[in-house]
Amino acid sequence: DLVVLMEMTLENLLSEGQLDHADFLARADILAVLGRTVLISKFGEYYRLAAYLSRYTNQMIGLVMGVPSLSEIFDEKYYLNLEGGILEALGRMFKGNLKLFVYPMIDDKTGKIITATQLEVAPNLRSLYQYLLDNKYIEEITHFHPEYLRIYPPDALTKLQSGDASWERMVPPEVVRVIKERHFFGYQRPAAA
């Protein structure tokens, strides 16, 4: 049986400054409206999340993320606090039965789609990255909606807050309804023409 959890970490919100509890709870409510189970954590690193999840199952764990998040995993600056650096972090992350499923992104400069196999990592990490690809620890998501790749949450939020109704085409109808009903995220009604 497949169990799907939508993990939200307090760590990212705390790194942006003051935690906005209403904003955070609105995100959880929206995921619940979509029928998703929400896991709220304080894990800033994926290897910590993987370790936590592996405590509760001996089955495969799949983490779904976009290419930008995968790129962050291969940024050594996030592992300066570990003696073994990125090798220790990746060893911890992949020690169990874990696989990353990676959604592509659009390169803003070229307009081309970048997939997990096309991601450029630092030269000293290329062999390690290739090892993870070759052994299927990282797998591309190949069935996706290309039009969704041009939807950026900060743009949707700006439109939502400014009264530009075009944000409604960027999210599912259930999300539109709950945002309008509860005035989440500073929702502004469109100005009358």
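Numbers for residues simply follow the sequence, beginning at 1. Predicted model, so just to flag it, every value in this text is computed and none were measured.
When all heavy atoms are compared, the tightest approach of Leu160 to Gly186 is CD2-C, 4.0 Å. Between Val176 and Trp167, the shortest heavy-atom distance links the atoms CA-CH2, 3.8 Å. Between His145 and Tyr103, the shortest heavy-atom contact is N-OH, 3.6 Å. Smallest separation of non-hydrogen atoms from Phe184 and Asp29: CZ-OD2, 3.8 Å. A pairwise comparison of heavy atoms in Val38 and Ala28 identifies CG2-O, 3.8 Å as the closest pair. Residues Lys99 and Lys136 share a closest heavy-atom pair of CE-O, 2.9 Å.
The main-chain N or O of Pro154 is found under 3.5 Å from a side-chain atom of Thr158 such that the two form a donor-acceptor pair. Checked by atom type and distance alone, the side chain of Gln161 pairs as donor or acceptor with a backbone atom of Phe185 at under 3.5 Å.
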Problem set entry | Trace of the side-chain contact (heavy atoms from CB on, under 4.5 Å) decision for Leu10 with Ile40 | CA-CA 7 Å; Leu10 292 166; Ile40 297 174; 4.2 Å; yes
For this session: Test Ile73 against Met65 for side-chain contact (heavy atoms from CB on, under 4.5 Å), laying out the working first.
Result: CA-CA 11 Å; Ile73 287 174; Met65 64 184 59; 3.6 Å; yes
For this session: Could you check Glu72 against Tyr78 for side-chain contact (heavy atoms from CB on, under 4.5 Å), going step by step and ending with a plain yes or no?
Result: CA-CA 8 Å; Glu72 284 186 1; Tyr78 294 111; 3.9 Å; yes
For this session: In sequence, state the C-alpha distance, the side-chain angles, and the governing distance for Met170 and Lys159, and then conclude on side-chain contact (heavy atoms from CB on, under 4.5 Å).
Result: CA-CA 10 Å; Met170 299 176 171; Lys159 291 176 184 210; 3.8 Å; yes
Anything under 3.5 Å between a donor and an acceptor, one on a side chain of residues 52-59, the other on a protein residue two or more places apart or in another chain? List them.
unit_1	atom_1	unit_2	atom_2	d
Ser54	OG	Ala50	O	3.2
Ser54	OG	Ala51	O	2.9
Thr57	OG1	Gln59	N	2.9

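Atom CD of Glu181 is surrounded by more than 12 heavy atoms from other residues, nucleotides or ligands within 6.0 Å. Dense packing is recorded around CZ of Phe144, with more than 12 heavy atoms of other residues, nucleotides or ligands lying under 6.0 Å away.
One hydrophobic cluster holds both Val64 and Ile151 under the rule that ILVMFWY side chains link at heavy-atom gaps under 4.5 Å. The hydrophobic cluster containing Met105 does not contain Tyr152, counting ILVMFWY residues as joined when their side-chain heavy atoms lie under 4.5 angstrom apart, directly or transitively. Hydrophobic cluster membership differs between Ile141 and Leu133, with clusters built from Ile, Leu, Val, Met, Phe, Trp and Tyr side chains linked at under 4.5 angstrom. Hydrophobic clustering (ILVMFWY, side-chain heavy atoms < 4.5 Å, transitive): Leu100 and Ile114 are in one cluster. Residues Leu128 and Leu82 share a hydrophobic cluster, clusters being chains of Ile/Leu/Val/Met/Phe/Trp/Tyr side chains in contact below 4.5 Å.
For the pair Ile138/Phe101, no side-chain contact is recorded, criterion being any heavy-atom separation below 4.5 Å from C-beta on. For the pair Ile179 and Ile30, the minimum side-chain heavy-atom distance is below 4.5 Å. Side-chain contact check for Leu63 versus Tyr46: some heavy-atom pair is nearer than 4.5 Å.
Under the salt bridge (Lys or Arg N to Asp or Glu O under 4.0 Å) criterion, the residue pairs touching residues 123-133 are Glu120-Arg126, with sequence neighbours excluded.
Rounded to the nearest 0.5 Å, atoms CG (Leu5) and CG (Leu31) are 11.5 Å apart. For the atom pair Phe94 CZ and Leu132 CG, the distance stands at 5.0 Å (nearest 0.5 Å). Of the inter-residue distances, the one linking Met93 atom CE with Arg48 atom CZ reads 13.0 Å to the nearest 0.5 angstrom. Interatomic distance, Glu76 CD to Phe74 CZ, rounded to the nearest 0.5 Å: 10.5 Å. How far CG of Asn81 is from OH of Tyr79: 10.0 Å, rounded to the nearest 0.5 Å. From Ile113, atom CD1 reaches atom CD1 of Ile106 across 5.0 Å, with rounding to the nearest 0.5 Å.
For Asn97, the side-chain contact (heavy atoms from CB on, under 4.5 Å) partners at least two apart in sequence or on another chain are Met60.
Salt-bridge check for Asp23 with Arg27: passed, with a basic side-chain N closer than 4.0 Å to an acidic carboxylate O.
Remark: the Gln118 side chain and the Thr115 side chain contain an N/O donor-acceptor pair separated by less than 3.5 Å. Checked by atom type, the side-chain pair Ser162/Asp164 shows no donor-acceptor distance below 3.5 Å. A donor atom on one side chain and an acceptor atom on the other are not found under 3.5 Å apart for Asp134 and Tyr129.
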